[in-house]
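Here's the structure we're looking at; comments come further down.
Just so you know, these numbers use all the heavy atoms, side chains as well, and skip hydrogens, waters and symmetry mates. First the proteins, then the strands, lettered A, B, ... as listed; each starts at 1.
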Amino acid sequence: MRKVFFWGAAVLTACLIGATSSLAALIWMGLANVVSSGPWMTDPTTGSTEAGLYTRALVAVKGLFALDKEETVYYTAITDSSGQPLSGDCTYRIEGTALPARWWSITAYGPDNYLIDTGFDRYSIDASSVAYRADGSFTAWISAAPKESNWLPVASGQPFDLTARLYNPEPGVYAALAATELPQIVRERCS
Amino acid sequence: MRPWIKWSLFVMAGATVIHIATMWMLPRAIMAGVVHVTEAEEGTNRFFHEPLATADMRKVVRPSPDIAYSVCLLDVSRGPVRVSAPVSKPYTSIAIYAANTDNVFVQNDQQAEAGHLQVLVTGPDAPETTGAVKLPSNTGLALVRRVVKDHEHFQALAPLRHQASCRAVSDTARREFEPVTELTHGE
């Protein structure tokens, strides 16, 4: 009987540690090969057969059916350009130029990894919809309160993150992911 | 060896095995879950067309609200499956995913022939076939993505989306994709 308890406790403890460490790996390790360009992060092995154990598992949880980097590059921002976590209680100004791809979008997601229910049926800004200035630059706004144009709504009282999708990125992008010029995320004010 | 040392070593080894097994199984389990739910509703080797993603949709995490998705669950256990779709601007692609979620093939509208994207998908035991995509197992998923500018554009794309095809290849049709060995012998 003593042996049963002895080895039973060992099996239970092994299961607990194995499961907890797996969860911790997904939550805290993030992407194994992450590359950063300002607040924007990406993993060059996302979606491809080169992906390691952790990248494949994390992408399955957070970005199922991602495409290989030569077809689409995905950058995610969880902070603004000053490193502060993105919050629906704040207003952000997105400053940039057209992303270097055949088509692009920037989409906001809630902490549950789904589109955010703000009541406005608007979830992204993209190459087709954004209004540019004459010099090719644009300013977009991310906030809970409506803006007149180039506005991406988010919900107050919760964090959010942004995913920039670059479909058919220019060759220089996937050759040098850290050097890609991506919009600044400037926090204007918080309530 | 002292009992507590044996115990600790066992726990460490066991935890390591469970950790690695969990990380290895996770994408496969997620894919199997998606396939299981979808197969019950839609079957295999036929396209179904998703509505535009909204905040209400919870089937797959982080969907793009600007993409019209068309999905085909692939079952190549009885032979190859041909996947085809007409293209639309500004962007269309066909992607094939293995059961472990790896993206094993992608082709976009810039590579289309006569306005169509087409790929033949075979299973792990199939002979090598020129131009075909070989899955590491008998199941997978084909995903057509079309960029959608707005709701009106999405509505206008409906007839085109329904022209996409995902079908098991008949013996007659298979002659169009002759195995490499047969071609060599024919020459």
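Residues B:L26 and A:L58 fail the side-chain proximity criterion, which asks for heavy atoms closer than 4.5 Å. The shortest side-chain heavy-atom distance between A:R102 and B:N108 falls under the 4.5 Å cut-off. Taking the side chain as every heavy atom from C-beta outward, A:L67 and B:R145 approach each other to under 4.5 Å. Using a 4.5 Å heavy-atom threshold, the side chains of A:F65 and B:L141 count as touching.
With hydrogens and angles ignored, the 3.5 Å screen pairs no side-chain donor or acceptor of B:W24 with any backbone N or O of A:L53. For the pair A:Y123 (side chain) and B:D66 (backbone), a donor-acceptor distance under 3.5 Å is absent. A:Y114 places no side-chain N or O within 3.5 Å of a backbone atom of B:A55 that could act as its donor or acceptor partner.
Within a 6.0 Å sphere centred on CD1 of A:I78, other residues, nucleotides and ligands contribute 12 heavy atoms or fewer. Heavy atoms from other residues, nucleotides or ligands lying under 6.0 Å from CE of B:M57 number more than 12. Within a 6.0 Å sphere centred on CD of B:E113, other residues, nucleotides and ligands contribute 12 heavy atoms or fewer. No more than 12 heavy atoms of other residues, nucleotides or ligands lie within 6.0 Å of CZ in B:R2, so this atom counts as exposed by the packing criterion. Heavy-atom contacts from other residues, nucleotides or ligands closer than 6.0 Å to CD of A:Q84 number more than 12.
Rounding to the nearest 0.5 angstrom, the gap separating the OG1 atom in B:T101 from the CZ atom in A:R56 is 6.0 Å. Atoms OG and NZ, from A:S128 and B:K89 in turn, are 13.0 Å apart once rounded to the nearest 0.5 Å. In this structure, CD on A:E71 lies 3.5 Å from OH on B:Y91, to the nearest 0.5 angstrom.
When all heavy atoms of A:D121 and B:T54 are compared, the pair lying nearest together is OD1-CG2, 4.3 Å. The heavy-atom pair separating B:I18 from A:C15 by the smallest distance is CD1-CA, 3.5 Å. The nearest pair of heavy atoms linking B:P63 to A:L115 is O-CD2, 3.9 Å. Of all heavy-atom pairs between A:W103 and B:P90, the closest is CD1-CG, 4.0 Å.
Under the 4.5 Å side-chain heavy-atom criterion for Ile, Leu, Val, Met, Phe, Trp and Tyr, B:V144 and B:L74 are members of the same hydrophobic cluster. Using a 4.5 Å cut-off between side-chain heavy atoms of Ile, Leu, Val, Met, Phe, Trp and Tyr, with links allowed through other members, A:I106 and A:Y109 fall into different hydrophobic clusters. Criterion: ILVMFWY side-chain heavy atoms under 4.5 Å apart, direct or through other members. Under it, A:W141 and A:L99 are not part of a common hydrophobic cluster. If you chain together hydrophobic residues whose side chains sit under 4.5 Å apart, B:L73 and B:V37 never meet in one group. A:V35 is connected to A:L166 through a chain of hydrophobic side-chain contacts under 4.5 Å among Ile, Leu, Val, Met, Phe, Trp and Tyr, so both are in one cluster.
Ring geometry for B:H19 versus A:Y54: interplanar angle of 30 to 60°, hence tilted. Using cut-offs of 30° and 60° on the angle between ring planes, the pair A:W7 and B:F10 is perpendicular.
Chain A forms more heavy-atom pairs under 4.5 Å with one residue of B:D150, B:L143, B:N100 than with any other, namely B:N100. Among A:I17, A:L64, A:L12, the residue with the largest count of heavy-atom pairs under 4.5 Å with chain B is A:L64. Most heavy-atom pairs under 4.5 Å with chain A, from the set B:G14, B:P27, B:S93, B:A95: that is B:P27. Among the candidates A:A60, A:A14, A:S124, the residue making the largest number of heavy-atom pairs closer than 4.5 Å to chain B is A:A14. When B:Q110, B:Q107, B:R28, B:M25 are compared by the number of non-hydrogen pairs under 4.5 Å with chain A, B:Q110 comes out ahead. Most heavy-atom pairs under 4.5 Å with chain B: of the set A:N168, A:T118, A:V11, A:T20, this distinction falls to A:N168.
For the residue pair A:T163 and B:R62, a side-chain donor N or O sits within less than 3.5 Å of a side-chain acceptor on the partner.
Contacts between B:V34 and chain A at a heavy-atom distance below 4.5 Å involve the side chain alone, from C-beta outward. Of the atoms belonging to A:A19, it is backbone heavy atoms, and not side-chain ones, that fall under 4.5 Å from chain B. In this structure, no portion of A:A127 lies under 4.5 Å from any heavy atom of chain B. Heavy atoms of B:V60 lying under 4.5 Å from chain A belong to its backbone as well as its side chain. Interface residue A:S22: backbone and side-chain heavy atoms are both found under 4.5 Å from chain B. Both the backbone and the side chain of A:D117 come within contact range of chain B, judged by heavy atoms closer than 4.5 Å. Only the side chain of B:M31 comes within contact range of chain A, with heavy atoms under 4.5 Å apart.
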- request: For the pair B:K149 and A:S129, evaluate side-chain contact (heavy atoms from CB on, under 4.5 Å) and give the outcome as yes or no after the intermediate values.
  value: CA-CA 7 Å; B:K149 294 178 186 177; A:S129 66; over 6 Å; no
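A salt bridge links B:R58 with A:D112: at least one charged nitrogen is closer than 4.0 Å to a carboxylate oxygen.
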